[in-house]
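Here's the structure we're looking at; comments come further down.
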Number of protein chains: 2
Amino acid sequence: MHAARKLFSNSPYSAVSMSAIAEEAGVSKANLYHHFPSKDALFMAVLRCACSDSAALLSQVSGESGDVRRSLKSLALRQLHNMQADPEGARLVLREIFDSGPERGKLLAEQILRDNFSAKVRMLRSAQNRGELKADVDPAFVLFMISAANIMYFQSREVMKHLPDVTFAEDADRFGDLMADFLACWLVPERGPGP
Amino acid sequence: MHAARKLFSNSPYSAVSMSAIAEEAGVSKANLYHHFPSKDALFMAVLRCACSDSAALLSQVSGESGDVRRSLKSLALRQLHNMQADPEGARLVLREIFDSGPERGKLLAEQILRDNFSAKVRMLRSAQNRGELKADVDPAFVLFMISAANIMYFQSREVMKHLPDVTFAEDADRFGDLMADFLACWLVPERGPGP
DNA sequence: GTCTATATAATGATAGAC
DNA sequence: GTCTATCATTATATAGAC
């Protein structure tokens, strides 16, 4: 499964042969078919494993407390950090999100992403009630933009780093700073000490 | 090429066979090899065509004038509109951006994306000089965020529409409004008529 | 330009010995 | 559990007639 995960994360399903997986794992092709009934079953096992891994990583974030100024930034930074810490798993799940048709997209959303997403929306709603997050922003849109930025950064660095004026392509810290600045526009400005 | 474009945009390279393309086009497989020396050459021809199409569409935007308040929103809306108007071409180019390794990513950036991107950066820089765009924002980051949001919206609608609280997944107009609001946070507030 | 027919290699999957 | 050997199918690509 380790070999399969490596190969499936770098090439689409149809471009990875059972022979290649067997060679990468140092076993025979027939041995793979002894443990998994089919190529599809092996892929599904790898995907399920990667999903549970990233779900476990993501759930750490929602447990944090503190005001939304800190937790929103922490959410964004840790999401990117998790992807970079397990790029193979991230690529697997992202490919599934991007290339899946209606039926598989529904499964992915309802069985894997839904609970985590709802928990984060609730976090932002309560921040709005406390007056920390601007009342007229859509929590789901905020989460969408954070994910979009992180995923795009993670997936297109190889292209971006060859574009002029892109100072953050190979500097995750700078990207984090830019993100933090940008998130601030949705926050209610902190009260000064007053006159 | 029309048939190949259709199939390549819906499945990765290795999952599309020359037989399938021939059948889709209503010709024989050998006929394809008469016009293109190999499967790879056919794919490259399709990709080049799709890239020049989307480049032509994108270049319309940069010709617009007016202050940055209008042009930034117009830029974002038309980028999404162009992807939705030619989803096949968009998927082809996006797959290439996401899945390409270092060598192909460099080609894509330098030969296709670079000029357009630089033109847009210049547009935003001059807006900063005119005092319409906040001076402390990174023009490249602004463009990155716009593209990230549009691409993510375009690519993951099938997943998003099954998430609760996502009101914009099947409503491009609402998404456009949310984007416009969000872009406004980088603009210098318009001067009121004064006291 | 288009076809039928074919060459050659690789694919997913199986049989059966150890 | 692991292997060698093999099946049937499909893949890319070619040959040569019309």
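Here the structure is a predicted model, which means the values were calculated and not measured. Here is the naming used below: chain letters follow the sequence lines, and residue numbers restart at 1 for every chain.
- When each of C:dT4, C:dT14, D:dA11 is scored by its nearest atom to the side-chain atoms of B:A30, the top-ranked nucleotide is C:dT4.
- Not one side-chain nitrogen or oxygen of A:Y33 sits closer than 4.0 Å to the OP1 or OP2 atom of C:dT14.
- The interatomic distance linking B:H34 (NE2) with C:dT4 (P) rounds to 16 Å, in whole Å.
- Closest to the side chain of B:N31, from the set C:dG12, C:dC3, D:dA13, is C:dC3.
- Rounded to whole Å, atom P of C:dG12 lies 12 Å from atom CG of A:L7.
- Comparing A:H35 and A:K29 by the nucleotide of DNA chain D that holds the closest heavy atom to each, the one mapping nearer the 5' end is A:H35.
- Note on A:S28: a base of the nucleic acid sits closer than 4.0 angstrom, heavy atoms only.
- Closest to the side chain of B:S17, from the set D:dT12, C:dT2, D:dA13, is D:dT12.
- Atom pair B:Y13:OH and D:dT12:C1' shows a separation of 9 Å (rounding to whole Å applied).
- Here C:dT14 presents its C1' atom at 18 Å from CZ of A:F36, a figure rounded to the nearest Å.
- Distance CD1/A:I151 to CD1/A:I97: 5.5 Å, rounded to 0.5 Å.
- Of the residues near DNA chain C, A:A20 and A:P37, the one whose nearest nucleotide (by heavy atom distance) lies more toward the 5' end is A:A20.
- Going from atom CD of B:E23 over to atom P of C:dT4 covers 13 Å, rounded to whole Å.
- Between A:F144 and B:F182, the gap from one ring centroid to the other reaches at least 6.0 Å.
- When the side chains of ILVMFWY residues are joined at heavy-atom separations under 4.5 Å, either directly or via intervening members, B:M160 and A:L124 end up in a single hydrophobic cluster.
- For the residue pair B:S126 and B:R122, no side-chain donor N or O sits within less than 3.5 Å of a side-chain acceptor on the partner.
- Judged by distance alone, the side chains of A:Q79 and A:S147 do bring a donor and an acceptor atom under 3.5 Å apart.
- Atom CE in A:M18 sits about 6 Å away from atom P in C:dA13, given to the nearest Å.
- Between B:I21 atom CD1 and D:dA11 atom P there is a gap of 11 Å when expressed in whole angstrom units.
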